[in-house]
Each structure stands twice: as C-alpha cells, then as structure tokens.
Protein chains: 2
Amino acid sequence: MQDAEKRPYHHGDLRRTIIETAMDIMNEEKGWQFTLREVSRRAGVSHAAPYKHFPDKAALLNELALLGFDRLYEALVAAKPRQPNVIRDAFLAIAQAYLDFGKSNPALYRLMFSAEAGKAADVHLNERALAAFGVLIALLERGQSEGKLRNRDVRGQATACWAEMHGVTLLTIDGLLLPEKVGPNALDNALLTLLEGLEK
Amino acid sequence: MQDAEKRPYHHGDLRRTIIETAMDIMNEEKGWQFTLREVSRRAGVSHAAPYKHFPDKAALLNELALLGFDRLYEALVAAKPRQPNVIRDAFLAIAQAYLDFGKSNPALYRLMFSAEAGKAADVHLNERALAAFGVLIALLERGQSEGKLRNRDVRGQATACWAEMHGVTLLTIDGLLLPEKVGPNALDNALLTLLEGLEK
DNA sequence: ACCTGAACACCGTTCAAGT
DNA sequence: ACCTGAACACCGTTCAAGT
C-alpha cells in the first residue's frame, strides 16, 4: 500500500492513499483513534501533506464514515437468503449481513456511529444511511402485504429492527455477549424474539 | 465545585474532586474526550496532581464508567411502573428508565460502552453491569412463570431487550431517530414490537 | 498544483524537588 | 503523604518556502 521510495516529490494519488492507509490502520487496531501523523508516516509523506486534501482530521473521519455507510448498504442488499421468498429467511439474512459487517469492520462501524463523525453535518443521516434503512422498510412492507407480518407502523418496526441490530452489533464488537454470561445461543434467540414480535 | 483559592497546598479530597469535575465537563460537552489538564485546571491543581490518585487517564475513565454502571443499575431498580404487577408496564418502565438515563448522561453512557473503557479489564462486564442485566432476567422469569411471556430461553430474551434498549438509546443520543425520518412514534412502536415478541 | 520543514499551542506522563 | 514545576515525546494545525 505504501511504496514511498518510488515517488520523488509528488505523490500522484495521495488522497486515495490517505483513505486506504487510514482504513488499514483501523483494521489493525480495533479503534479509529489513529493519528494523522501516523497515516502520513505510512504513506511516506510529510505530516502536513494531508492538509492539501482534507481541511482537517474530522473531514477525513467524515469521509471514512461515509464510505462505511456505502459498504454497509452494499452488504445489506447483497445479503442472499436461502429462500428469498420466505420473509423470515430474508430478515435473518439481512440481520446476519449487518452483524457480519460490524464484526468485519469494528473500528469503521464505531466511527460511523460516533459522535465525532456525527458532528460533521450530514454523515449520520446521509442518503446512504437512509438507503440502508430503506432496505429494512421495503422488507417489512413486503411482509405485511404478504400477510406474514403484523400490520403495524412500518417505520416503528424498522426502528425496532435497526436498534436491535445496532445494539447486537455493538455489544458483540465490544465483547459483551459472552456465552458464559448470556448463554450459548443468546444472539440467535434475541433475533428470533424480535422476529416473533414482527410476525403474526 | 472548585474553590481553588481556599486550599493552600494540599487539596484534601482531590480524588473525589477530580471525578466530580470530570463528570461536570462530560455534562457540559456531550463527549467524554476531556483533557486531564483541563480537569486539573478546573480543580485548581497542577496537571501532575491527578497522577497521585490515578495511574493514568484510562484509570480515571475506568472509574467513571464503573460509577455510570452503578447509576444505571440504580435507575433501573428505581423504575416505578404504574401497575407493577402488570408485566407490560414493568417492562416499559424499565425501558423508559434506561432510555432516560442515556438521554440524561449521554457522554457518560457512551464512555461506559466505549472501547476505551472496555480495554481496562473488568469495566464492561463488571458485577454492576451484570446486576442491571439481572434486573431484566428477573422480570422476564416472572413474566414467564405468570404465563404472560413466551417460554423461550430467558437469556436470549434478555439479550434481545438489552440490545434493543442499547440500540434505541444510542440512536437517540446520536440524534438519528428524527421524527421526520422514522415517524413520530417510531420509538414507542419499536418497544411495542419487541414486547409483542416477548408476549404470548 | 502539490509537498516540505519549521513553528505554535496543546496533550499525557514522569520525576526531582518542595510543603 | 500530597502537590508543584520543569521536562520529554507526542499531536493537530499553519504557513512560508521549495519542486
């Protein structure tokens, strides 16, 4: 990712390199509290160079969070239930995809929902985050029209699902859902409990 | 809280003052990224003084998080449902108390579940956090024995409730549950959806 | 147009020295 | 036993100067 010796003075694509390097660091450590100077070091540029591509560190974090919502949305729409026409399978596939995304990108997931990223205007409720919410809405509407799910306010149901998945993902990332504390199948059972609240 | 001029050299109760000052700062700003030097300044001591009471900043954060779990537990057991013998009322009262705690102490709540606090050993799954989880378990067991709730794995149900409340609380704190996006009663409806998954 | 080097104000942490 | 002052290594950010 960083072949600093090959570039004489101008990097060429420093902006992309900064983003990729930051993502790399987040994958290695499990937090997003990396240092801009460390990113610069790895990218083989001076610590002032990033400021030609981002106004400040918050802007970089902002960009990373937006990329995260992109990837989360893609992960959700890519979820392939075994029987797509079975609403329960579709729900569980999406829930699993959501959880897997968080487990695969813990630092990025935390950053996406951190207050730090939220400060910068439209990160949280951007169109990509709402698109992910829309995947949920669409599924629930389909389930209701098929007569499988209770006819309640869809946005309330979607909020319940989102909160549950958000909570489960964070608790898992933070290592709080230890089997010896909450039981071996607590996670699966938790999702089923919510599902039963959705189903008729 | 800080009358620096009254104390000549020795503070007397600096440890407590540091904790209280840190809590004050967290209440003012909505984050826990305060500076140890700022705490010292407010407390009217040198920036080296805190190191006589805490090994490092992480230890102070650790202590604050533990205090947070104490308060959360107390808030949950203090929840007074209108009709305590009605399991649904008891559930909603606890959920409301949990959410209210988070809304009243956003910075502290975030700190309690932050990876930063989690690093320090036993913060997350300490006896107080488990005590709060126990409040949930007890309620669900009562509901099952009364025949009001489905006879499923109690720890799975408790995990579902905890994740839902954790998710709802964080999404609320972060300002993501805007009425114009998720609907006016999405929050209440979300809790009812989960409740229907618990009830027979 | 893009990058560097030195500089500034700030942290967390340490430690000899003060009371 | 508790606190201070100076010191160290580190940040984020700025800016004149280099290519």
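Just the heavy atoms: all of them, side chains too, but no hydrogens, waters or symmetry mates, feed the values below. Convention: sequence-line order gives letters A, B, ...; per-chain numbering from 1.
- What separates CZ of B:R37 from C1' of D:dA7 is a distance of 11 Å, to the nearest Å.
- When distances run from any side-chain atom of B:K52 to the nucleotides C:dT13, D:dG12, D:dC3, the shortest one goes to D:dC3.
- With both pairing distances under 3.5 Å, C:dC10 is matched to nothing as a Watson-Crick or G-U wobble pair.
- In the set D:dT13, C:dC11, D:dA7, D:dA7 carries the atom at the smallest distance from any side-chain atom of B:H47.
- In this structure, B:Y109 and B:Y98 have perpendicular ring planes: the angle between them is above 60°, well past the 30° mark.
- In this model, no donor atom of one side chain and acceptor atom of the other lie less than 3.5 Å apart for B:D153 and B:Q157.
- In this structure, CZ of A:F54 is placed 15 Å from P of D:dT14, rounded to the nearest angstrom.
- You'll find that the side chain of A:T35 is closest to D:dG12, out of C:dT13, D:dG12, C:dC3.
- Rounded to an integer number of Å, the gap from CD of B:Q33 to P of D:dC11 is 18 Å.
- Listed nucleotides C:dG5, C:dT13, C:dC15 differ in distance to B:A48; the shortest reach to its side chain belongs to C:dC15.
- In this structure, A:H53 places its NE2 atom 13 Å from P of C:dA1, rounding to the nearest Å.
- Applying salt bridge (charged side-chain N to carboxylate O under 4.0 Å, His left out) to A:E199 and the options A:R88, A:R150, A:R152, A:K148 leaves one that passes, A:R88.
- Note that B:K57 lies in the cation-pi zone of B:F34, set by a 6.0 Å cut-off to the ring centre and a 45° limit from the axis.
- B:S46 comes within 4.0 angstrom of a base, heavy atoms only.
- Of the listed nucleotides (D:dT13, C:dC11, C:dC15), D:dT13 has the atom at the smallest distance from the side chain of A:Y51.
- For C:dC15, the paired base is D:dG5 (Watson-Crick or G-U wobble, both distances below 3.5 Å).
- Closest to the side chain of A:L14, from the set D:dG12, D:dC3, C:dC3, is C:dC3.
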